[in-house]
Amino acid sequence: MTQISRRKFSTLAGSLAGGLLVSGMPLAMGRTRAVQEGKKLGVALVGLGSYSTYQLAPALQQTEHCHLAGIVTGTPAKAEKWMREYGIGREHVYSYESFDKIASDDAIDIVYVVLPNSMHAEFSIRAAEAGKHVICEKPMALSVAECDAIIAACKKAGVKLGIGYRLHSEPYTREVKRLVREKTFGEVRFVSADAAYISRGNPDQWRLNRALSGGGALMNMGVYAIQSCIYGSGKNPVSVSAQEFSTRPGYFKQTDETITAQFTFPGGAVGQMMTSHNASANRLFASCDQGWFELQPANNYGPLSGRSSEGPISFPHESQQKLQMDDFARHILEGTPNRAPGEMGRRDMVIVEAIYKSIREGGRTVPIELPEGYGFGG
Ligand code: NAD
């Protein structure tokens, strides 16, 4: 086993066994040595920017089912620092050019793509083709077409795909989903979500560059507001009407500054969202037949805070990224539900494209065609 690559082993084993079940799971691509031996899965972070540095790497020191095993970076000085800090061997360090060699690195089970949005599709697909499970940061990609390509590549390679939607693993969001699912306050009639912060940084940063980001506030914080409207109502929207506001065009030269949107949901509920790079907001509110609930803050790294018409909603705080990566590792190891599957990222991009279309068409109501429950994670 150590003499041949995991990919070759999987293919060989797959053809020999012809679908043989091991531990209740089919022998297939994506069953790395660590998976078979029940060990902690090795994660390679691709892109060592602020999210990897200050959130994901520290969280990977706390995870129970996975650990930091490799890095992919374009900056040799960062590689040296990370190797020292986290005890990563040089043989598990890759550049963007040498990345594909990761295919024969048995220590790496999961590739986590933490790059500017325009690079998500390329590196998620290359990771799948290397036979690695993939976590792709939000927003999943620049278009629905790119999301389709990522999902197809993961399917073809037989690897799991998760989106970096950390909130689906943390208790406040899970409680909101429970309240909606169990109709604790009856039917949701109205949901409102805001996700926004004020951007005053370097005007040359990639988030303000359309080619690299694919859009502004909507592609950044906007996906959280879309998500809140969906899990706050328990349904995918069937239509959207949207508006864009610009007050600092000299700074936001290429990307949207503030967007508002109104949704309709099957069964008659309505919703609204606001996202901005020029205001601060972080809230989810839902009004139901027999009460209401609210999270504020609703989407930062926590601690989150909540209340309802019945009283406070309160849970102990844990690293959301730790919970998220452990959930994904358990999905691979034990077959537990995928909290944020690729289809969820794709669904959100369908809605992002509908919002931009509505804005281009002067706020016209644009239909959204998504199957009921499509993209809902476990
Ligand atoms: P960042 O700017 O801090 O880091 C980006 C990294 O990509 C850097 O290491 C940079 O060197 C590298 N890079 C490679 N090619 C580049 C290029 N052409 N231009 C610019 N940088 C390049 O960004 P970040 O905040 O770490 O965000 C990375 C991804 O993670 C984004 O997709 C973002 O949406 C996502 N993110 C998610 C969360 C979350 O809560 N899930 C939070 C922050 C960021």
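All heavy atoms count here, side chains included; hydrogens, waters and symmetry mates do not. Note that ligands are numbered from 1 as they come in the structure, with each ligand's atoms numbered from 1 the same way.
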I need the nearest protein heavy-atom contact for [atom]: residue, atom name and distance, please.
atom	result
atom 3 (O) of ligand 1	S50 N, 2.8 Å
atom 21 (N) of ligand 1	P116 CG, 3.5 Å
atom 18 (N) of ligand 1	L212 CD2, 4.0 Å
atom 26 (O) of ligand 1	Y51 N, 3.0 Å
atom 28 (C) of ligand 1	V114 O, 3.3 Å

At a non-hydrogen distance cut-off of under 4.0 Å, which region of [X] contacts ligand 1 (side chain, backbone, both, or neither)?
X	answer
W206	side chain
H120	side chain
Y96	side chain
K138	both
Y224	side chain

**Test of ring centre spacing under 6.0 Å for F328 and H65** =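 F328 vs H65: aromatic centres not under 6.0 Å.
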
**Item:** Flag side-chain contact, heavy atom, 4.5 Å: L167 against N299
**Value:**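 In short, these two side chains touch, coming nearer than 4.5 Å.
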
**Asked** Can you check whether E137 has an N/O within less than 3.5 Å of an N/O in ligand 1?
**Response**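 Min N/O separation from ligand 1 is below 3.5 Å for E137.
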
**Nitrogen or oxygen of Q321 less than 3.5 angstrom from that of ligand 1** =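 No: no nitrogen or oxygen of Q321 is under 3.5 Å from one in ligand 1.
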
**Request:** For K101, check salt bridge (charged side-chain N to carboxylate O under 4.0 Å, His left out) against everything at least two apart and list the hits.
**Result:**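 None.
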
**Message:** Yes or no, since that's all I need: does a protein heavy atom fall within a distance strictly under 4.0 Å of atom 10 (C) of ligand 1?
**Reply:**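 Answer no: nothing from the protein, no heavy atom, is under 4.0 Å.
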
If you take the nearest heavy atom of each of [options], which one is closest to [atom]?
atom	options	answer
atom 4 (O) of ligand 1	G164, A141, G49, A211	G49
atom 44 (C) of ligand 1	R207, Q320, Q55	R207
atom 29 (C) of ligand 1	L115, T73, L45, D204	L115

I'd like to know if [X] pairs up with [Y] as an ion pair, taking the criterion as any Lys NZ or Arg NE/NH1/NH2 lying under 4.0 Å from an Asp or Glu carboxylate oxygen.
X	Y	answer
R347	E343	no
E187	K183	yes
E137	R166	no

**Item:** Residue R166 vicinity, atoms of ligand 1 by number, heavy atom under 4.0 Å
**Value:**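 By the 4.0 Å cutoff, the relevant atoms are 39 (C), 40 (O), 41 (N).
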
**Request:** Consider only side-chain N and O atoms of D105 and H92, and report whether a donor and an acceptor are under 3.5 Å apart.
**Result:**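 The answer is yes; a qualifying pair exists.
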
**Request:** Consider only side-chain N and O atoms of N220 and Y197, and report whether a donor and an acceptor are under 3.5 Å apart.
**Result:**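 Yes, because at least one side-chain N or O of N220 sits under 3.5 Å from a partner of the opposite role on Y197.
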
**Asked** Atom OG of S169 and atom CG of L323: how far apart are they, to the nearest 0.5 Å?
**Response**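 Those atoms lie 6.5 Å apart.
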
**side-chain contact (heavy atoms from CB on, under 4.5 Å) partner of V240, the single match among V352, I355, T365** =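 By the side-chain contact (heavy atoms from CB on, under 4.5 Å) criterion, V240 pairs with just one of V352, I355, T365: I355.
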
